[in-house]
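Below you'll find the structure, written out as structure tokens, and then a few comments.
Just so you know, these numbers use all the heavy atoms, side chains as well, and skip hydrogens, waters and symmetry mates. First the proteins, then the strands, lettered A, B, ... as listed; each starts at 1.
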Protein chains: 2
Amino acid sequence: MQYRMSTSDVLSTPGHLTSVAARGFARLSEARLKPLGFGVGTLPVLVALEEGRVKTQRDLARFARIEQPSMAQMLARMERDGLILRTPDPTDGRSSRVALTESARARLPEACAVLSQGNDEALAGFTETEAEVFISLLKRLIGNLDQLVKNDVGDR
Amino acid sequence: MQYRMSTSDVLSTPGHLTSVAARGFARLSEARLKPLGFGVGTLPVLVALEEGRVKTQRDLARFARIEQPSMAQMLARMERDGLILRTPDPTDGRSSRVALTESARARLPEACAVLSQGNDEALAGFTETEAEVFISLLKRLIGNLDQLVKNDVGDR
DNA sequence: TATTTGTACATAGTGTCCTATGTAACAAGT
DNA sequence: ACTTGTTACATAGGACACTATGTACAAATA
């Protein structure tokens with residue numbers, strides 16, 4: 001389309017704007033979750049584990065949409081911080097079963113409330129429809145990006 | 001609003017979705033900029049410097065919307081990689097003037113084209129209006145987040 | 001059964017961003 | 001001129017993500 005990109009343009013790019021928005025969310029959530037002893041990246045893992053449907057590192061990574069090494073590192077931090085426990089899987093010698101600690105389980109509802117609250121505040125001034133449209137467009141965008149990344153990066 | 005957050009909910013949260021989208025953009029751009037010798041985070045800096053209006057670390061940080069230490073680290077990497085040069089500011093002993101190297105300036109237009117192309121592809125299937133609406137909602141969201149972060153984190 | 005292929009995880013190294021804190025230079029007010 | 005406050009940057013340390021690569025176990029196949 002446009003082979004030239006000026007100062008004003010870069011800042012209005014979807015790529016840059018989503019980055020700014022994501023970092024805003026992260027900073028806010030970080031600040032609010034810290035008193036509860038959680039980090040931003042841990043929440044998807046905690047919620048997935050709470051229901052007990054997901055137990056392995058592989059499934060957690062797919063659920064949270066991060067790569068396997070990122071999840072490995074995340075679980076290491078979470079284990080260090082007493083949020084999870086890992087026990088060897090009896091049926092598969094390569095794998096571990098991940099479980100929430102009682103302490104983490106106890107604090108989780110509060111964290112979810114805080115996060116939910118933050119999302120609502122971030123959407124202040126949005127009508128119900130606007131919020132829905134925004135989410136729907138975001139999901140379509142993500143679908144496109146998934147395809148592009150798959151082709152470009154040569155994943156899987 | 002809702003004090004309970006189930007497995008399905010977390011994934012549809014604006015916070016999580018923007019994070020996924022931002023990482024998708026980053027991975028894609030990363031892969032495409034790498035052959036040109038640029039990283040994702042460098043582009044805002046390069047574009048700002050190209051026009052010559054912004055020269056100091058402080059202004060670059062404000063422009064790219066990252067914190068000062070992040071920009072310091074970024075400039076260090078860019079200097080290491082031969083993208084920029086720093087010369088002491090004659091009028092202010094604390095500050096440095098940052099300038100593009102010729103090599104970086106030469107490769108910049110190609111990088112901008114690549115980035116612009118990626119943004120277009122990410123918006124595939126979006127009507128013109130949808131794209132505009134999306135950007136506009138994103139900006140409003142960012143405005144809200146800025147306020148929230150300012151209050152919560154206690155910036156400045 | 002032996003070999004090959006695939007899967008789950010670990011490790012190493014890096015990029016990008018953050019907060020917290022220190023230091024040196026400038027600017028203002030007394 | 002001197003103190004005080006502000007500003008620009010540096011440094012330390014950590015979170016969270018990625019790619020690239022190695023290893024051990026499982027599954028499939030010859």
Side-chain angles (χ1 to χ4, degrees), chain A residues 16 19-31 33-34 37-45 55-62 64-81 83 86 88-98 149 152-156, chain B residues 16 19-31 33-34 37-45 55-62 64-81 83 86 88-98 149 152-156:
Chain A
H16 188 253
S19 163
V20 172
R23 283 186 283 124
F25 268 117
R27 285 175 81 178
L28 183 67
S29 309
E30 188 90 33
L33 290 177
K34 193 168 208 169
F38 296 128
V40 213
T42 69
L43 256 293
V45 181
K55 285 184 172 19
T56 70
Q57 183 183 111
R58 188 194 94 234
D59 290 338
L60 287 169
R62 287 180 183 166
R65 302 215 45 174
I66 62 180
E67 297 300 315
Q68 171 262 319
S70 308
M71 182 52 78
Q73 201 178 19
M74 177 71 69
L75 292 178
R77 279 194 303 267
M78 293 177 73
E79 194 169 30
R80 178 201 65 191
D81 296 342
L83 300 180
R86 274 189 277 199
D89 186 326
T91 78
D92 190 333
R94 297 164 297 179
S95 198
S96 284
R97 297 288 177 78
V98 184
V149 167
D152 263 63
V153 182
D155 232 18
R156 192 128 339 264
Chain B
H16 188 254
S19 162
V20 172
R23 283 186 284 123
F25 268 117
R27 284 175 82 179
L28 183 67
S29 309
E30 188 90 32
L33 290 177
K34 192 167 209 171
F38 296 128
V40 213
T42 69
L43 255 292
V45 182
K55 284 185 171 23
T56 71
Q57 184 183 110
R58 188 194 95 237
D59 291 337
L60 286 169
R62 286 179 183 165
R65 304 213 45 171
I66 62 181
E67 297 299 315
Q68 171 263 319
S70 307
M71 183 53 78
Q73 203 176 16
M74 176 72 69
L75 292 178
R77 280 194 303 268
M78 293 177 73
E79 194 168 30
R80 179 201 64 190
D81 297 343
L83 301 180
R86 276 189 274 199
D89 186 326
T91 77
D92 189 333
R94 299 165 295 179
S95 200
S96 284
R97 297 288 177 78
V98 184
V149 167
D152 263 63
V153 183
D155 233 20
R156 194 143 332 272

Would you say [X] places a side-chain N or O within less than 4.0 Å of OP1 or OP2 belonging to [N]?
X: A/S70; N: D/dC18; answer: yes
X: B/R23; N: D/dC18; answer: yes
X: B/S95; N: D/dC9; answer: yes
X: A/R27; N: C/dT19; answer: yes

State the [atom1]-[atom2] distance between [X] and [Y], to the nearest 0.5 angstrom.
X: A/S29; Y: A/K34; atom1: OG; atom2: NZ; answer: 13.5 Å
X: A/R86; Y: A/K55; atom1: CZ; atom2: NZ; answer: 15.5 Å
X: B/R65; Y: A/H16; atom1: CZ; atom2: NE2; answer: 8.0 Å

Measure across A/A22 and B/A22 and return the closest heavy-atom pair with its distance rounded to 0.1 Å.
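Residues A/A22 and B/A22, closest heavy atoms: CB-CB, 3.9 Å.
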Smallest heavy-atom separation, A/V40 atom then A/A26 atom, equals CG2-O, 3.9 Å
Can you measure [X] atom [atom1] to [N] atom [atom2] for me and round it to whole angstrom units?
X: B/D59; N: D/dA8; atom1: CG; atom2: P; result: 8 Å
X: B/R62; N: D/dC9; atom1: CZ; atom2: C1'; result: 13 Å
X: B/R97; N: D/dA8; atom1: CZ; atom2: P; result: 13 Å
X: B/I66; N: C/dC18; atom1: CD1; atom2: P; result: 6 Å
X: B/R86; N: D/dC9; atom1: CZ; atom2: P; result: 9 Å
X: A/Q57; N: D/dA17; atom1: CD; atom2: P; result: 14 Å
X: A/H16; N: C/dT16; atom1: NE2; atom2: C1'; result: 12 Å
X: A/L33; N: D/dA15; atom1: CG; atom2: C1'; result: 13 Å

Within residues 72-81 of chain B, residues whose heavy atoms come under 4.0 Å of DNA chain C:
B/Q73, B/M74, B/R77, B/R80
Minimum side-chain heavy-atom gap [X]-[Y] below 4.5 Å:
X: B/D81; Y: B/F38; result: no
X: B/M74; Y: B/M78; result: yes
X: B/Q68; Y: B/Q57; result: yes

Identify all pairs in which a protein N or O lies below 3.5 Å from an N or O of nucleotides 20-27 of chain C, and state each distance.
unit_1 : atom_1 : unit_2 : atom_2 : d
C/dC26 : OP1    : B/G93  : N      : 2.8

If the threshold is 4.0 Å, N to carboxylate O, is there a salt bridge linking B/R27 and A/E67?
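Yes, this pair counts.
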